[in-house]
Number of protein chains: 2
Amino acid sequence: MEQNLRELFQVFSRRFGFLNKDCCQACGHNISLVQSHILYEVEHQYQPSIQQVAESLGTDITTFSRQVQSLIKLNLISKKPDPKDRRISILSLTEEGKEVAENINQQMNQYLDDVFSNMSQEEKEMVIRSIQLLNKSMQKTTKCCTTPLG
Amino acid sequence: MEQNLRELFQVFSRRFGFLNKDCCQACGHNISLVQSHILYEVEHQYQPSIQQVAESLGTDITTFSRQVQSLIKLNLISKKPDPKDRRISILSLTEEGKEVAENINQQMNQYLDDVFSNMSQEEKEMVIRSIQLLNKSMQKTTKCCTTPLG
DNA sequence: AACAATTATTTGCAAATTGCAAGTAATTGC
DNA sequence: GCAATTACTTGCAATTTGCAAATAATTGTT
């Protein structure tokens with residue numbers, strides 16, 4: 001029972017990574033895993049700048065700048081100057097980008113439902129509470145697990 | 001409360017990824033995240049072949065072959081032909097590789113302890129049980145989350 | 001035993017991804 | 001009004017990637 005903590009988490013996050021990879025390939029748009037993460041983050045932040053998203057994802061900003069360019073070419077995200085500070089580019093999903101993100105999201109949730117189908121209702125609730133707890137706890141721990149933006 | 005399942009997991013795995021990245025940089029050997037994962041996997045499998053580890057990590061085998069080469073140059077892993085089938089190369093950690101892996105492992109566990117320090121003993125136990133449950137459940141779900149080797 | 005088929009791994013190459021250094025453009029502070 | 005800062009972009013040059021093809025060892029077939 002007293003399994004190494006790290007092992008437990010390592011296995012879990014590896015599996016979740018595979019799921020993520022599968023889903024973004026399955027969505028028909030031939031999106032890379034990195035691109036999928038970008039779409040996710042742009043969708044979930046409020047009027048994010050390039051800098052903000054890059055930091056959230058822990059990517060070098062010059063690399064990220066180019067990733068944004070390629071997603072714009074694919075017509076999945078768009079970039080508009082912030083009217084209040086024209087140095088800043090605000091990112092958003094295009095209609096097509098929203099569709100792709102929604103597609104991925106649905107697949108992920110479907111897979112996750114599948115995973116939870118092996119559990120009782122009580123177990124499922126416990127697991128959800130646990131992940132919520134972990135997220136909160138990791139956010140508190142300033143030493144690690146977060147980027148400057150949290 | 002009824003947060004999107006995927007969101008919950010996405011945030012968690014992102015955070016865990018940062019932790020992983022931090023740890024392998026902090027270990028003094030300037031190991032990349034990919035290299036850290038390879039060390040972990042080689043250590044945890046029994047006499048793994050190149051093919052096996054590549055599959056576990058979901059990496060293309062040609063790419064992986066080269067990653068192995070660079071880790072051999074760094075004197076962190078070694079490669080010996082399987083006496084029963086000399087096509088197969090069996091991977092193992094060198095003494096130095098073991099040290100690096102142990103170093104990373106300790107750091108990870110230390111960070112994780114830190115995360116758990118924000119919880120009560122009951123909460124901690126619940127979280128551990130939950131992750132164990134998830135791992136089992138993801139393994140059962142053949143549709144996703146695993147490579148051919150599980 | 002001979003030789004096609006399979007399996008494990010390695011290279012050639014060309015494309016994609018990365019990050020540092022240096023650049024531009026807009027804003028802030030003194 | 002001009003130096004300092006901030007947000008972002010480009011020029012490289014190095015690394016990483018994966019497909020196609022090669023090599024080497026083993027297995028199956030006759």
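Below, chains carry the letters A, B, ... as their sequence lines are ordered, and counting in each starts from 1. Note that this is a predicted model, so its numbers are computed, not measured.
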Categorize Ser32(A) for me: base, sugar-phosphate, or nothing, with a 4.0 angstrom heavy-atom threshold over every strand shown.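 Nothing, no nucleic acid heavy atom in range.
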
In this structure, which one of Ile131(B), Ile128(B), Val127(B) forms a side-chain contact (heavy atoms from CB on, under 4.5 Å) with Ser130(A)?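 Between Ser130(A) and the candidates, side-chain contact (heavy atoms from CB on, under 4.5 Å) is satisfied uniquely by Val127(B).
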
So if I take every side-chain heavy atom of [X] and compare against [options], which nucleotide ends up nearest?
X: Gln67(A); options: dT10(D), dT18(C), dC13(C); value: dT18(C)
X: Gln51(A); options: dT17(D), dC8(D), dG19(C); value: dC8(D)
X: Gln69(A); options: dC8(D), dT9(D), dT10(C); value: dT9(D)

Is the phosphate of dG19(C) approached by Thr63(A) (side-chain N or O, under 4.0 Å from OP1 or OP2)?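 It does, given that an N or O in the side chain of Thr63(A) lies less than 4.0 Å from OP1 or OP2 of dG19(C).
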
Using a cut-off of less than 4.0 Å, is there contact between a side-chain N or O of Ser49(A) and OP1 or OP2 of dA7(D)?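 No, because none of the side-chain N or O atoms of Ser49(A) sits under 4.0 Å from OP1 or OP2 of dA7(D).
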
Test of ring centre spacing under 6.0 Å for Tyr111(A) and Phe16(A):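 Judged by ring-centre distance (under 6.0 Å), Tyr111(A) and Phe16(A) do not meet the cut-off.
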
For a quick check, tell me whether the side chain of Thr62(A) and the base of dC8(D) share a donor-acceptor pair closer than 3.5 Å.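 In this structure, the two groups form no donor-acceptor pair.
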
Near DNA chain C, counting only heavy atoms under 4.0 Å, which residues of residues 84-92 of chain B show up?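 Only Arg87(B), Ile88(B), Ser89(B) qualify.
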
Who are the salt bridge (Lys or Arg N to Asp or Glu O under 4.0 Å) partners of Glu95(B), not counting sequence neighbours?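 Partners of Glu95(B) by the salt bridge (Lys or Arg N to Asp or Glu O under 4.0 Å) criterion, ordered by chain and then number, come out as Lys98(B).
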
Euclidean distance, atom CD of residue Gln52(A) to atom P of dT6(D) [Å, nearest integer]: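 Nearest whole value for this atom pair: 15 Å.
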
